[in-house]
Amino acid sequence: MTTNRTQRTVRISVMSTFLALMAFAFLAFGSAGVAGAHTISHSASSAQTGSSSSTTVVNILSRNSISPNAITVKSRSHVQIVNKSSGSLLVFYNHGSIVLTPGASLMLAPTHSQVVRICAGATLTITVV
């Protein structure tokens, strides 16, 4: 009886781990086909003011290196995050997450301060004034 219970517990644990890995793989790599090597643009608001906005470029150099790692921008000015590393990276930001392939970029127009995280270590702090 104890052997059956142990086997059942092991099977459930293995199956749960497998399902968790499948869910992570889908989230991490499932959107790669959508992102591809194209620029992904997300804007907090479609309404633009009459003034021109500047673009601040931030380069991801590796999974744990981003340059610069902190910026201060005006509300709705553009922040372009470019993957300069040799591999695809999972980027987490206020509107969700995206896989950036090498050379791809993410364009943000933040209206409030936020932190952008790169899976495996690097962070970018965006302060909006």
Side-chain angles (χ1 to χ4, degrees):
M1 177 130 167
T2 305
T3 303
N4 289 339
R5 186 176 296 160
T6 303
Q7 288 176 343
R8 185 175 38 200
T9 302
V10 168
R11 274 186 265 166
I12 290 172
S13 296
V14 169
M15 201 59 147
S16 297
T17 303
F18 176 75
L19 290 174
L21 288 172
M22 291 295 292
F24 176 77
F26 176 76
L27 291 173
F29 304 109
S31 64
V34 174
H38 304 287
T39 300
I40 308 300
S41 179
H42 294 276
S43 177
S45 171
S46 60
Q48 292 288 330
T49 59
S51 64
S52 63
S53 62
S54 63
T55 299
T56 302
V57 177
V58 177
N59 294 313
I60 303 171
L61 305 173
S62 69
R63 291 186 184 276
N64 53 10
S65 178
I66 191 166
S67 178
N69 61 3
I71 58 174
T72 301
V73 297
K74 292 182 179 180
S75 181
R76 291 196 181 98
S77 62
H78 294 97
V79 176
Q80 182 179 16
I81 302 171
V82 181
N83 182 1
K84 297 277 187 169
S85 74
S86 60
S88 295
L89 299 171
L90 182 58
V91 178
F92 298 95
Y93 61 106
N94 277 4
H95 296 294
S97 63
I98 189 169
V99 175
L100 286 181
T101 57
S105 65
L106 170 67
M107 186 71 78
L108 301 174
T111 57
H112 60 282
S113 298
Q114 59 183 283
V115 175
V116 176
R117 290 183 172 77
I118 310 306
C119 186
T123 61
L124 165 66
T125 304
I126 302 173
T127 304
V128 176
V129 292

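Quick caveat: nothing in here was measured; it's all calculated off a predicted structure.
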Q80 and S105: CA distance, side-chain angles, deciding distance, side chain to side chain donor-acceptor pair (under 3.5 Å) verdict = CA-CA 7 Å; Q80 182 179 16; S105 65; 3.3 Å; yes

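Not one N or O on the side chain of N4 forms a donor-acceptor pair closer than 3.5 Å with the backbone of R8. Remark: the backbone N or O of K74 is paired with a side-chain donor or acceptor of S77 at under 3.5 angstrom. The closest donor-acceptor contact from the side chain of N59 to the backbone of S67 lies at 3.5 Å or more, if one exists at all.
Remark: N69 CG to I126 CD1 distance equals 11.5 Å, nearest 0.5 Å. Note that CG of L89 is 8.5 Å distant from SG of C119, once rounded to the nearest 0.5 Å. To the nearest 0.5 Å, atoms OG (S62) and NZ (K84) are separated by 14.0 Å. Here the straight-line distance linking atom CG of N64 with atom CD1 of I118 works out to 10.5 Å at 0.5 Å rounding. Atoms CD1 and CD1, from I71 and I81 in turn, are 7.5 Å apart once rounded to the nearest 0.5 Å.
Here the shortest heavy-atom pairing between A109 and R76 reads CB-O, 4.1 Å. Taking every heavy atom of both residues into account, P102 and S86 meet most closely at CG-O, 3.5 Å. Contact detail for T123 and I66: the closest heavy-atom pair is O-CG2, 3.3 Å. In terms of heavy atoms, A122 sits closest to S65 at CB-N, 3.7 Å. Of all heavy-atom pairs spanning N94 and H112, the tightest one is ND2-NE2, 2.8 Å. In this structure, L106 and V91 approach most closely via the heavy-atom pair CD2-CG1, 4.3 Å.
Counting heavy atoms from C-beta on, the side chains of L124 and Y93 never come closer than 4.5 Å. Taking 4.5 Å as the limit, every side-chain heavy atom of V58 sits out of range of all side-chain heavy atoms of V82.
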